[in-house]
Amino acid sequence: MAAPEPAPRRGREREREEESEDESDILEESPCGRWQKRREQVNQGNMPGVQSTFLAMDTEEGVEVVWNELRFSDRKAFSAHEEKIQTMFEQLVLVDHPNIVKLHKYWLDACEARARVVFITEYVSSGSLKQFLKKTKKNHKAMNARVWGRGGAGRGRRGGNGRSRAGGAVGAPRPSHLSPPFPPTDAPRRQAWKRWCTQILSALSFLHACSPPIIHGNLTSDTIFIQHNGLIKIGSVWHRIFSNALPDDLRSPIRAEREELRNLHFFPPEYGEVADRTAVDIFSFGMCALEMAVLEIQANGDTRVTEEAIARARHSLSDPNMREFILSCLARDPAHRPSAHNLLFHRVLFEVHSLKLLAAHCFIQHQYLMPENVVEEKTKSMDMHAVLAEICRPGRPPVQWRYSEVSCMELDKFLEDVRNGIYPLMNFAATRPLGLPRVLAPPPEEAQKAKTPTPEPFDSETRKVIQMQCNLERSEDKARWHLTLLLVLEDRLHRQLTYDLLPTDSAQDLATELVHYGFLHEDDRTKLAAFLESTFLKYRGAQ
C-alpha cells in the first residue's frame, strides 16, 4: 500500500498547475483573430528595450509565436508619423531568409489612451547562442575533469593515441580562464563552428545585398538563436531600422543594446557615427565567431569584457586560418574589414560544394514536381546490390559503391537540413532583387494625403509549395471548366482550392490572384502559372 502524498508537496504541485494555467490565459486577440496573446512573457532579443514581448498562439498554423508591442507615450507624435511607420513595417514583412527570425504580421493600435505597434515574430524556443555556449563549456569542463581524474581516456570513446574525444591530451589541465579552442580530437565542434559562421554570414550577406543595404547594428550572441537541429536564426534585425526610420520624438521606446555593458565589446569603434556602414556588422560577427571558438570570453568578474580578455581569446586560437579569419573581421579600420559575401569564400569556411549538396538544393527547389515520398518510393524500386558508382584503377580491382551503402534515413535527414537552411548556398546566389526598406532612404517631399479607412490587408503566405496537383472537369452546360487545385506546403499541410474556370481566364491571372489573397507564396507564382498552363493545354487539347 502506497504511503499518502505529503500535503505540502500536493500544494506546491497545485500552485505550479495554477501558475501554468494563468500563463496560458488569452489576454488579447489580433484584429483578424489569428494571433492570441498569452500572459507568459518571453525575451528573445528581437527588440531590445521593448519589454512587452509575450508568447502567443497562431491559431491557423497551431504554432507558438512572439507578440511584440512597441508603445509610444506621445499620442499626437505617433499620429503624425503613422503613415511612415506603416510603410516601414510593410517593407520589413518582406524580409524572408531561413536564418533570420521572420516578422509575420503587424498592425497599428491607436486610441485615446495609448498608441502602439503590435508585430508578430517567429518564436525560437531553443535559446540564444550565448546560453548554448555556456552550457557547452560547462559540459566540456565536467568531461575534462572526469578524464583528468581517472588519469586516462576513461570509459568514453578511446583513440589509438590515448586522447579523449572531448578533451585534449591526457596530462595537466589547461588554465581555467579559457577553454581550449578546438582540440585536435574535437572535429565535430570545428564543423559546428563552420556551419554556424556560414549561416550567420549567409543572413548578413542577404541583408547587406538589399537596396539600400539593411544594417543589423545589434549582432551579439544574445540576438543569435540556435535550434536543436543546428539551424541558426538571427533576431533583432529591425532594431537598427526602427532607430533610423523613426523621428527623434518617437525613439524613446527604443534602447540600443550598446547600453548593456556586458555587450559593449561586440560594437566597433565607429558604431553610432553617421557614416557607419555594413562593416559594423562584420566587426560584431567577428566577435561572435571568436566567442563561438573559445565558448566564452571571460572578464575576470568584471561586468564589461576587457581588451585583455579579448586578446587572451585571440591568442588561444591554434588554427592560423581561423585566427586570420577572425582578426580580419576585428580590424579597427572599417575599410579593412571584408564583406560578408567575401567571408563566405574564406579558406577556413569555403569548401567546393559537392554534387550531393547541389543536387539537394535543386531537389528542394523543384520538389513540387515530385511525389511527397519520392525518396522512399525510389528506394523500393532499386536493386540494392547494383553498383551506384565505380572508380577504375589500372592494374588493381576497381572501387565500387553500391546502393546498399546509401542510407535512406540519412538522405531524408540531409534533405531536411538543406530545406531548413543549415547548408545554404547564398554565396553562389545572384544579386537579390530586394528593395528594402524605402523609408531608410531620404523620403521625397509629398503632399499630405487625406487618410481614408482601408480594409485589413490579406495575410501573405510565407510557406512555399513543394507539390502541386490539378484536375479539370467540364461543367454540364459545357460552357466552363471546374478546376480543383491541391497544394502541398513545405510544412506538409494541404490546401485544396476550387474554381469555375471561364474561357477568358489565364494561368498567369489565376496565379496572381492566389498570391493576392494569401493562398500562395510570391516566389511560387511563376511555377504555378507554368503548371496551370501545361494542365490547361493537356485537358483542352484532349477535348
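Remark: aromatic rings of Phe132 and Trp196 are close, center separation under 6.0 Å. Between Tyr271 and Phe283, a ring centre-to-centre spacing not shorter than 6.0 Å is recorded. Ring-centre distance between Phe119 and Tyr106: not below the 6.0 Å cut-off.
Using a 3.5 Å distance cut-off with no hydrogens or angles, the side chains of Glu69 and Trp67 do pair a donor with an acceptor. Under the 3.5 Å distance criterion, with hydrogens and angles disregarded, no donor-acceptor pair is assigned to the side chains of Glu307 and His265. Remark: the Asn68 side chain and the Thr121 side chain contain an N/O donor-acceptor pair separated by less than 3.5 Å. There is no side-chain donor-acceptor pair under 3.5 Å between Asp281 and Thr278. Remark: the Glu291 side chain and the Ser221 side chain contain an N/O donor-acceptor pair separated by less than 3.5 Å.
Under the 3.5 Å distance criterion, the side-chain polar atoms of Glu61 are left unmatched by any main-chain donor or acceptor of Val63. For the pair Ser202 (side chain) and Thr198 (backbone), a donor-acceptor distance under 3.5 Å is absent. Panel note: side chain Gln365, backbone Cys362; no donor-acceptor pair is recorded below 3.5 Å. At least one donor-acceptor pair closer than 3.5 Å links the side chain of Arg495 to the backbone N or O of Phe519. Put simply, the side chain of Asn420 gets close to the backbone of Glu416: a donor and an acceptor are under 3.5 Å apart. Judged by distance alone, the side chain of Asp109 and the main-chain N or O of Arg116 form no donor-acceptor pair under 3.5 Å. Looking only at distances, no side-chain donor or acceptor of Lys527 sits under 3.5 Å from a matching main-chain atom of Val465.
Remark: Lys37 qualifies as a cation-pi partner of Phe54 under the 6.0 Å distance and 45° angle criteria applied to the six-membered ring.
A 4.5 Å side-chain heavy-atom check between Val65 and Met57 finds every atom pair outside the cut-off. Between Gln199 and Arg195 the shortest side-chain heavy-atom distance falls below 4.5 Å. Using a 4.5 Å cut-off on side-chain heavy atoms (C-beta onward), Pro268 and Arg332 make no contact. Side-chain contact between Phe266 and Phe285 is absent, with no heavy atoms from C-beta onward closer than 4.5 Å. The shortest side-chain heavy-atom distance between Ile100 and Leu207 falls under the 4.5 Å cut-off. Annotation: side chain of Asp58 is in contact with side chain of Arg34 (closest heavy-atom distance under 4.5 Å). Considering only heavy atoms from C-beta on, Asn99 stays 4.5 Å or farther from Ile200 through its side chain. Looking at Thr223 and His216, their side chains come closer than 4.5 Å, going by heavy atoms from C-beta outward.
The CG atom of Leu330 lies 11.0 Å from the CD1 atom of Ile282; values are rounded to the nearest 0.5 Å. Put simply, CG on Leu27 and CZ on Arg39 are 5.0 Å apart, with the number rounded to the nearest 0.5 Å. Atoms CH2 and OG, on Trp107 and Ser30 in that order, are 4.5 Å from each other to the nearest 0.5 Å. The distance from the CZ atom of Arg277 to the OG atom of Ser339 is 12.5 Å, given to the nearest 0.5 Å. With values rounded to the nearest 0.5 angstrom, Phe89 atom CZ is found 13.5 Å from Lys84 atom NZ. To the nearest 0.5 Å, atom CZ of residue Arg419 and atom CD1 of residue Ile466 are 6.0 Å apart.
Atom NZ of Lys102 sits in a crowded spot, with more than 12 heavy atoms from other residues, nucleotides or ligands closer than 6.0 Å.
The minimum heavy-atom distance between Arg337 and Cys329, with the atom names listed, is CD-O, 3.4 Å.
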Verify side-chain contact (heavy atoms from CB on, under 4.5 Å) between Leu204 and Leu343, making sure each step is shown before the conclusion. CA-CA 11 Å; Leu204 291 180; Leu343 285 171; over 6 Å; no
As a quick check of understanding, evaluate side-chain contact (heavy atoms from CB on, under 4.5 Å) for Ile224 and Lys233, giving each step before the final call. CA-CA 6 Å; Ile224 299 174; Lys233 291 278 188 179; over 6 Å; no
Determine whether Glu522 and Lys464 satisfy the following criterion, salt bridge (Lys or Arg N to Asp or Glu O under 4.0 Å), listing intermediate values before the conclusion. CA-CA 9 Å; Glu522 172 66 31; Lys464 293 188 178 181; over 6 Å; no
For Glu60 and Lys105: C-alpha separation, side-chain torsions, deciding distance, then whether salt bridge (Lys or Arg N to Asp or Glu O under 4.0 Å) applies. CA-CA 13 Å; Glu60 182 175 311; Lys105 185 72 174 177; over 6 Å; no
Checking Leu219 against Val280 for the side-chain contact (heavy atoms from CB on, under 4.5 Å) test, could you report, in this order, the C-alpha distance in whole Å, the side-chain angles of both residues, the deciding distance, and whether it holds? CA-CA 9 Å; Leu219 190 67; Val280 301; over 6 Å; no
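Under the 4.0 Å criterion applied to side-chain N and carboxylate O atoms, Asp319 and Arg323 are not assigned as salt-bridge partners. By the 4.0 Å N-to-carboxylate-O rule, Glu296 lies too far from Lys130 to be salt-bridged with it.
Tested against Glu64, the residues Glu40, Arg38, Glu122 include a single side-chain contact (heavy atoms from CB on, under 4.5 Å) partner, Arg38.
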